[in-house]
Amino acid sequence: MNVTVGGFQIHGDVMMLGLVTGMLYGILAVGLVLIYRSSRIINFAYGDIGAFGAALLFVAVRKWGAPYWIGFGVALWVSAAIGALSEVVIMRRLRNAPLVLSVIATLGLGQVLLILSTLVATVGGHGIGLGGQST
């Protein structure tokens with residue numbers, strides 16, 4: 001199915017992919033704004049907290065053979081625990097710190113969580129290795 005937009009023919013699959021990607025960016029932006037409005041800290045690590053939970057869910061279902069909903073509950077609980085731990089350990093200490101310091105700390109936390117989620121998915125046996133090849 002093709003859709004004509006502004007004189008251009010766009011395939012329906014491409015249109016759907018753009019719609020889903022746009023909604024994902026919108027949800028991420030709303031999450032960033034909600035976190036900032038509630039804590040006055042720009043937290044760039046909140047997406048990586050969810051990515052860690054998603055990697056854990058992937059390994060639990062694919063590698064360990066856990067039922068999806070049990071793995072989903074465990075991944076949700078682990079992500080909530082990581083979020084609470086980062087609030088207690090990092091965010092509370094940066095409440096009165098300069099904005100730049102809190103941004104750098106949340107970017108660092110995000111990178112640590114991204115590395116951990118990559119390790120979890122790769123060690124789980126079904127991750128993507130270097131060069132985009134399946135390991």
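None of these values were measured; they are calculated from a predicted model. Any value given below was found using the heavy atoms of this structure, including those in side chains, with hydrogens, waters and symmetry copies removed.
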If I compare all heavy atoms of Ala60 with all of Gly71, which pair ends up nearest, and what's the gap?
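Shortest heavy-atom separation between Ala60 and Gly71 comes out as CB-CA, 4.4 Å.
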
So which atom in Ala105 and which in Ile90 form the shortest heavy-atom distance, rounded to 0.1 Å?
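The answer is CB-CG2, 4.2 Å.
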
According to a hydrophobic-cluster definition based on side-chain heavy atoms being under 4.5 Å apart (Ile, Leu, Val, Met, Phe, Trp, Tyr only), do [X] and [Y] belong together?
X	Y	result
Val88	Ile82	no
Val120	Trp64	yes
Leu24	Phe58	no
Val78	Val89	yes
Ile104	Ile35	no

Taking only residues two or more places apart in sequence, or in another chain, which ones meet Ile10 in a side chain to side chain contact (heavy atoms under 4.5 Å, CB included)?
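Val5, Val14, Met15.
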
Not counting sequence neighbours, which residues clear side chain to side chain contact (heavy atoms under 4.5 Å, CB included) with Leu19? List them please.
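Leu19: side chain to side chain contact (heavy atoms under 4.5 Å, CB included) contacts with Met16, Met23.
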
Point-to-point distance, once rounded to the nearest 0.5 Å, from [atom1] of [X] to [atom2] of [Y]:
X	Y	atom1	atom2	answer
Ile41	Arg92	CD1	CZ	11.0 Å
His11	Asn2	NE2	CG	5.5 Å
Leu94	Leu99	CG	CG	10.5 Å
Ile70	Leu57	CD1	CG	12.0 Å

Would you mind writing out the side-chain donor-acceptor pairs for residues 106-117 within the sub-3.5 Å range, not counting sequence neighbours?
unit_1, atom_1, unit_2, atom_2, d
Thr106, OG1, Ile42, O, 3.2
Thr106, OG1, Phe44, N, 3.4
Thr106, OG1, Ser102, O, 3.2
Thr106, OG1, Val103, O, 3.0
Ser117, OG, Leu113, O, 3.2
Ser117, OG, Leu114, O, 2.9

For Phe72 and Trp69, take the angle between the two ring planes, folded into 0 to 90°, and tell me which bin it lands in: parallel under 30, tilted 30 to 60, perpendicular over 60.
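Aromatic pair Phe72/Trp69 classed perpendicular.
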
Taking only residues two or more places apart in sequence, or in another chain, which ones meet Arg37 in a salt bridge (charged side-chain N to carboxylate O under 4.0 Å, His left out)?
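Counting only residues at least two positions away or on another chain, Arg37 forms no salt bridge (charged side-chain N to carboxylate O under 4.0 Å, His left out).
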
Contacts of type salt bridge (charged side-chain N to carboxylate O under 4.0 Å, His left out), residue Arg93, not counting sequence neighbours:
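Salt bridge (charged side-chain N to carboxylate O under 4.0 Å, His left out) check on Arg93 returns nothing, list empty.
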
Option among Met91, Glu87, Arg95 that satisfies the side-chain contact (heavy atoms from CB on, under 4.5 Å) test with Ser39:
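Of the listed options, the one satisfying the test is Arg95.
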
Mind checking whether Leu34 and Ser38 have side chains closer than 4.5 Å, heavy atoms only?
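When only atoms from C-beta onward are counted, Ser38 and Leu34 do not touch, as no gap falls below 4.5 Å.
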
Please tabulate, one pair per line, all N/O donor-acceptor pairs under 3.5 Å involving side-chain atoms of residues 46-54, not counting sequence neighbours.
unit_1, atom_1, unit_2, atom_2, d
Tyr46, OH, Leu28, O, 2.1
Tyr46, OH, Leu32, N, 3.3

Taking Ser79 for the side chain and Leu76 for the main chain, is one N or O donor matched with an acceptor at less than 3.5 Å?
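The answer is no, because no donor-acceptor pair under 3.5 Å joins these two groups.
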
